[in-house]
Amino acid sequence: MPTSSTSTVHDLVAAAGQPQLLAFWEQLDAAGRDRLETQLRGLDWKQIADCQRLAASRRSAAAVAPPLDLRAAETPPCHPLDSGERAVIEAGREALAAGSVGVILMAGGQGTRLGFDGPKGTFPVGPVSGATLFELLLGPLKAVERRYGRRVPLAILTSAATDAATREFLNQHEFCGLDPEQVLLFQQGTLPAVDAPTGRLLLDAPDHVAVAPDGHGGMLAALAGSGGLSWFARQGVETIVSFQVDNPLARPLDPEFIGRHRLTDASFSTQVILKTDPAERVGVVVEQEGVTRVVEYSDLPDELAAERLADGRLRFHAGSIAIHAFHRAFLERAAADADSLPLHLAHKKVPFLDAEGRLIEPASPNAFKFERFIFDLMPLAERVTVAEVAVAEGFAPLKNPSGAASDSPETVHQAMVAYARRHLTAAGITVADRIDVELDAASILDDDDLRQLATSGSLPGNRIDHPQVVRAGEYRSL
Ligand code: UTP
């Protein structure tokens with residue numbers, strides 16, 4: 001708790017040109033003053049100045065950034081993820097068996113669209129098991145350990161909005177079967193919102209400055225600041241794969257993905273899906289003059305988004321699904337430079353206190369929020385490798401509430417059941433029509449487990465006639 005005097009905190013806000021932040025100081029009790037002063041002293045004023053400059057440039061029509069010139073940009077070559085190339089798969093398996101792969105689960109988002117009371121990771125989506133996203137995404141780490149005999153270190157990115165509830169969930173669910181020592185939770189930072197017309201910071205309570213999470217790019221500074229990068233290094237991790245909490249079909253530990261990343265000596269590899277609808281709201285990976293980057297859908301002009309190649313595919317068809325593999329040394333270099341990731345600004349509705357201290361819930365956007373995006377590291381990478389995964393095999397995000405046309409609990413449920421049916425059938429197991437089946441995340445790593453199940457005789461007649469979670473027996477090398 002700061003011990004400095006009232007005049008010192010007044011000096012601080014005066015120097016920052018933000019005296020309105022102490023508008024209710026006289027009315028605060030000692031605890032409220034402490035809370036506000038602690039928050040003010042914890043703010044990164046240099047970064048806030050950067051935010052304000054960005055907001056000012058957005059206000060001045062003359063300084064509005066010209067639209068990206070993508071005329072010369074193309075989609076980079078994309079390696080199919082399921083090519084089955086033995087040497088590539090072997091390289092990935094060797095990395096997993098050597099224990100040199102770690103993962104970061106991005107779970108700091110507020111999940112506003114889903115509107116669920118709790119971190120998105122605690123949302124139940126298992127079509128038969130009712131397992132939560134955390135259980136479905138952490139399970140495969142257990143399955144990898146079972147197969148390769150090595151633990152995969154897992155760092156979970158949380159935010160002020162999700163940290164406490166995520167810790168509570170993991171404690172209550174025994175870390176979804178993982179060893180707590182294998183898991184590091186680290187929290188991303190926040191950035192203040194600024195009033196759009198004036199660039200001033202806002203209060204959302206008499207003793208609290210309005211802030212918002214600093215975006216999934218906040219992962220970089222938070223990982224370095226929490227000691228997470230050295231935590232990975234101490235465990236011999238060379239490849240760090242980040243993925244998002246909302247996609248239960250995510251394959252961050254796919255041996256072919258990791259093998260391709262390793263064999264191409266990439267510092268940044270990324271998974272994409274074939275974008276087929278120009279209106280689909282996914283960013284696309286593009287390459288221009290040797291630089292590869294993600295262009296957000298909002299930055300892609302409609303006519304370019306709709307342009308097609310001679311073979312009928314969209315010209316910009318590499319839809320980013322935010323599964324990235326990094327060389328650890330690359331992340332270390334990027335983290336050493338505070339300006340590696342640019343700030344992005346979004347015009348949003350931010351509740352604030354008016355001069356009389358009334359909480360105003362604006363009906364239209366009134367403020368700028370600031371975020372950093374992890375994919376902005378891509379142009380800094382010497383070599384970028386892109387792997388394309390079939391949607392049905394690797395992408396079923398949960399973004400929207402029940403009943404929505406896309407990315408809802410129902411569409412995720414369907415995608416998971418279809419995935420399970422397809423892989424069971426390919427392994428020679430018959431699944432009765434119209435029943436839900438689910439593959440147990442913690443024991444079924446890939447088709448080898450299913451083929452083994454089919455030859456084990458443990459499923460009578462190799463038939464599934466009732467909804468069930470299919471579990472693997474003990475793994476034997478085929
Ligand atoms: P989204 O951009 O889809 O945001 O995050 P969200 O919070 O899940 O949902 P909405 O937009 O509020 O409805 C994509 C991934 O990035 C993580 C999320 O947890 C999710 O895994 N993320 C997002 C963070 O970790 N931190 C952030 O500040 C933002």
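Treat the numbers as computed from the prediction; the structure is a model and nothing was measured. Start at 1 and go down the list; that is how both ligands and their atoms are numbered. Excluded from the calculations below are hydrogen atoms, water molecules and symmetry mates; all remaining heavy atoms, backbone and side chain alike, are included.
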Q.
So is Gly111 touching ligand 1 or not, going by heavy atoms under 4.0 Å?
A. yes
(Q) If we set the cut-off at 4.0 Å for heavy atoms, which region of Gln110 has an atom near ligand 1: side chain, backbone, both, or neither? (A) backbone
(Q) Using heavy atoms and a 4.0 Å limit, tell me yes or no: is Gly215 in contact with ligand 1? (A) yes
Q: Give the numbers and elements of all ligand 1 atoms closer than 4.0 Å to a heavy atom of His216.
A: 16 (O), 22 (N), 24 (C), 26 (N), 27 (C), 28 (O), 29 (C)
Q: Write out the residue and atom name of the closest protein heavy atom to atom 3 (O) of ligand 1, then the distance separating them to 0.1 Å.
A: Lys399 NZ, 2.7 Å
Q: Return the residue, atom name and 0.1 Å-rounded distance of the protein heavy atom closest to atom 12 (O) of ligand 1.
A: Thr112 OG1, 2.3 Å
(Q) Please work out, at 4.0 Å between heavy atoms, whether the side chain, the backbone, both, or neither of Leu157 comes within that distance of ligand 1. (A) side chain
Q: Report the nearest protein non-hydrogen atom to atom 18 (C) of ligand 1: residue, atom name, distance rounded to 0.1 Å.
A: Gly109 N, 3.6 Å
(Q) Taking 4.0 Å as the limit for heavy-atom contacts, which would you say applies to Lys120 with ligand 1: side chain only, backbone only, both, or neither? (A) side chain
Q: May I ask you to identify the nearest protein heavy atom to atom 28 (O) of ligand 1, giving residue, atom name and distance to one decimal place in Å?
A: Gln188 NE2, 2.9 Å
Q) Ignoring hydrogens and geometry, is there a side-chain-to-backbone donor-acceptor pair from Asn400 to Ser406 under 3.5 Å? A) yes
Q.
Can you see whether Glu410 engages Ser408 through a side-chain donor-acceptor pair at a distance of less than 3.5 angstrom?
A. yes
Q.
Tell me the protein heavy atom at minimum distance from atom 11 (O) of ligand 1, and give that distance in Å.
A. Arg113 NH2, 3.0 Å
Q: Would you please classify the geometry between the Phe116 ring and the Phe123 ring as parallel, tilted or perpendicular, with 30° and 60° separating the classes?
A: perpendicular
Q.
Pairing donors with acceptors under 3.5 angstrom, does anything connect the side chains of Thr411 and Gln414?
A. no
Q: Check ligand 1 against Pro213 and write out every atom of the ligand that is under 4.0 Å from a heavy-atom position of the residue.
A: 28 (O)
Q) Is there a donor in the side chain of Gln18 and an acceptor in the side chain of Gln20, or the other way round, less than 3.5 Å apart? A) yes
Q: For the pair Gln271 (side chain) and Arg251 (backbone), establish whether a donor and an acceptor sit closer than 3.5 Å, ignoring hydrogens and angles.
A: yes
Q.
By the definition side-chain contact (heavy atoms from CB on, under 4.5 Å), identify the one residue from Val285, Thr75, Leu314 that meets it with Lys275.
A. Leu314
Q: Report the nearest protein non-hydrogen atom to atom 25 (O) of ligand 1: residue, atom name, distance rounded to 0.1 Å.
A: Gly108 N, 2.8 Å
Q: Among all protein heavy atoms, pick the one closest to atom 20 (C) of ligand 1 and tell me residue, atom and distance.
A: Met106 O, 3.9 Å
Q. Does Arg333 pair with Asp337 as a salt bridge, N-O distance under 4.0 Å?
A. no
Q: Look at the aromatic rings of Phe268 and Phe326 and report parallel, tilted or perpendicular, splitting at 30° and 60°.
A: perpendicular
